[in-house]
Amino acid sequence: MGYFSLTKIAVTLTCLVVAKRIYWELTTGSRQRDFSKRHGCLPPKQKKWKDPLLGLDALTGNWKALKEHRVIEYWISWLTDNNAHTISTNVMGGKLFLTDDPENVKTILATNFADFSVGQERIKMLSASIGKGIFTSDGAEWKHSRDILRPCFERNQVADTSLLERHTARLIETLPADGSTVNLQIPFQRLAFDIVSEFLLGKSVDALSTMDKQDSACREFVDSFDYVMDPLSEKNTNARWGMLGMYLPDAEHKKCVKRMQNFVDNIISEELSSSTNSSTPLNRHLFLPSLLSETNDLVKARSELLNMLVAGRDATSAVLTNLFFELPRHPTIHARLVSEIRSHTASPDEPPSYDQLKKMKYLRAFINEVQRLYPVIPSNSRQALKDTTLPRGGGPDGTAPVFVPKGAYIAYHVTSLHRRTDIYGPDAHQLVPERWLEQDDKDENERDAKPLRPGWAFIPFNGGPRVCIGQNFALTQIMFIVVRMLQAFEIEGRDEGPWTEKITLTCTNLGGAKVGLRRRE
Ligand code: HEM
């Protein structure tokens, strides 16, 4: 009797599943097939998994690669193993596309911008730590955040290098100049944090001066921030549970989020209680006062502020770390940079102006090249808000459009895109700043090369309406710091081994940038 009723239940459930599937095929499925046919779509190559149902081996493979610091290469292999620039796959019942085709990237980020969201996964995961702000919202909410920020990044705001000089001078004072080994990664993080906080808030958090004091609020904020952004760190007790750890309750994570919130709440309270800040230059448009004039919602203000501090600290210091990892390994590039800096500044003590920086074409080429090889966001993704298409990747030769159903994720692999030999040439895997120079700025023996016009194949700052709003500020900052470091120090590399990925919210070299510094005479 019991057996009979179990069979009945099983049959009923099977009928329900089949009926649901038939209903889906007749409604959504039929609509999607029509849509796909009308747009001439063909399926792209498929990445298959041993577990055909959920693709669990994709998750375990990803986790293993993350732990072994080779997740960039692991994802690239999904494309190269299939000899394709766009593939589709199914993981955990969801559809995922992966592409390194510039035409597809342009479509997602610009041409069909309105068809895509930054994705529910990102919104959910990041909001839990930094709340709802420019990074974690879409549509009208995102546009509002962006409108508040825009005036802070206009040229006249970015061109004032006195702020950069004050903080970079402090960095140079604090670095050992006796040739002992120093890892520049942490000092760069502190410097970026000091600069971005003063740039946005009118007041620096003084991380370079206060970080070594155990009980400083800034130290606590940065430690908490590091914990939250690096779920794989040794400090994270859940990390020993592997992938499952990300879903286990983590009391320390909660504490860290609370500390970050308190830190930012204090900054907001100070701003609210002092209507005029005497240390703020009158010509500077600051983010926090603009934000507080737009909203009375203090949780919203806190989240926007956290979003901005995240944006401003990590990406810039990651690029600086990669630059100083590579620089001592390339003596010819190093020498050419020193000579360019000397030719554009009157004396080694003179901080460069914004206009002088703009003239340093080789320095800019070097920064481009390091960002090309090591984009600090090596892969990114968007989620389709409705049924839509990608222009390329379908059919056996990958030239037909591809149908993308509502809800599917499209990951675009920035590192793979930046290293395509058909775009950058056979030396795409080597560091060659000269490839970025205009013909007139090249040495005679370099001139016959075809000028590089990568378009959507170079996206270290993303592109389209959500292009990094801090791009010009970040580049000015990076150029300024490199110039001041090269003016001040003879630099010797102390890193052993190749560049190795360390992925948190951004990606940089696992061992940082270890150097020995001696003051230039
Ligand atoms: C070299 C340093 C930097 C790099 C490589 C970089 C890169 C990026 C990238 C790739 C994105 C797109 C993220 C996405 O939409 O998925 C982005 C967005 C953004 N970046 Fe940067 N960034 C840098 C520095 C900065 C700085 C210094 C600030 C601010 C002070 C900043 C503020 C932002 C903001 C607010 C967004 C979100 C824009 C939006 O969604 O509308 N970034 N950045």
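We're numbering straight along the sequence, starting at 1. Whatever order the structure lists ligands and atoms in, that order sets their numbers, starting from 1.
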**Report entry** salt_bridge(Glu434, Arg336) N-O dist < 4.0 Å
**Finding:** yes
Just which atoms of ligand 1 are under 4.0 Å from any heavy atom in [X]?
| X | value |
| --- | --- |
| Pro460 | 5 (C), 7 (C), 10 (C) |
| Val376 | 5 (C) |
| Met308 | 29 (C), 35 (C) |

Specify side chain, backbone, both or neither for [X], according to which of its non-hydrogen atoms lie closer than 4.0 Å to ligand 1.
| X | value |
| --- | --- |
| Gln471 | neither |
| Asn380 | side chain |
| Arg313 | neither |
| Tyr412 | neither |
| Arg122 | side chain |
| Ile377 | side chain |

Query - Lys300, NZ atom: more than 12 neighbouring heavy atoms under 6.0 Å - result: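 Count over threshold, so yes.
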Report task. Answer yes or no: does atom CZ of Arg364 have more than 12 heavy-atom neighbours from other residues, nucleotides or ligands under 6.0 Å? Result ->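 At most 12 heavy atoms, drawn from other residues, nucleotides or ligands, come within 6.0 Å of this atom.
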Requested in this report: From the options Gly463, Ala192, Ala311, select the one whose nearest heavy atom is closest to atom 26 (C) of ligand 1.
Outcome: Ala311
Query - Check: His330/Glu326 side-chain N/O donor and acceptor closer than 3.5 Å - result: yes
Requested in this report: Identify the two heavy atoms, one from Pro352 and one from Gln356, that lie closest to each other, and give their separation to 0.1 Å.
Outcome: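 So the minimum-distance heavy-atom pair works out to CA-OE1, 3.3 Å.
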Requested in this report: For residues Gln383 and Gly119, report the shortest heavy-atom separation together with the two atoms involved.
Outcome: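 The pair with the smallest heavy-atom distance is OE1-CA, 3.5 Å.
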Requested in this report: Answer with yes or no whether Leu200 contacts ligand 1, where contact means a heavy atom under 4.0 Å from a ligand atom.
Outcome: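 It does not, in that no heavy atom of Leu200 comes within the 4.0 Å cut-off of ligand 1.
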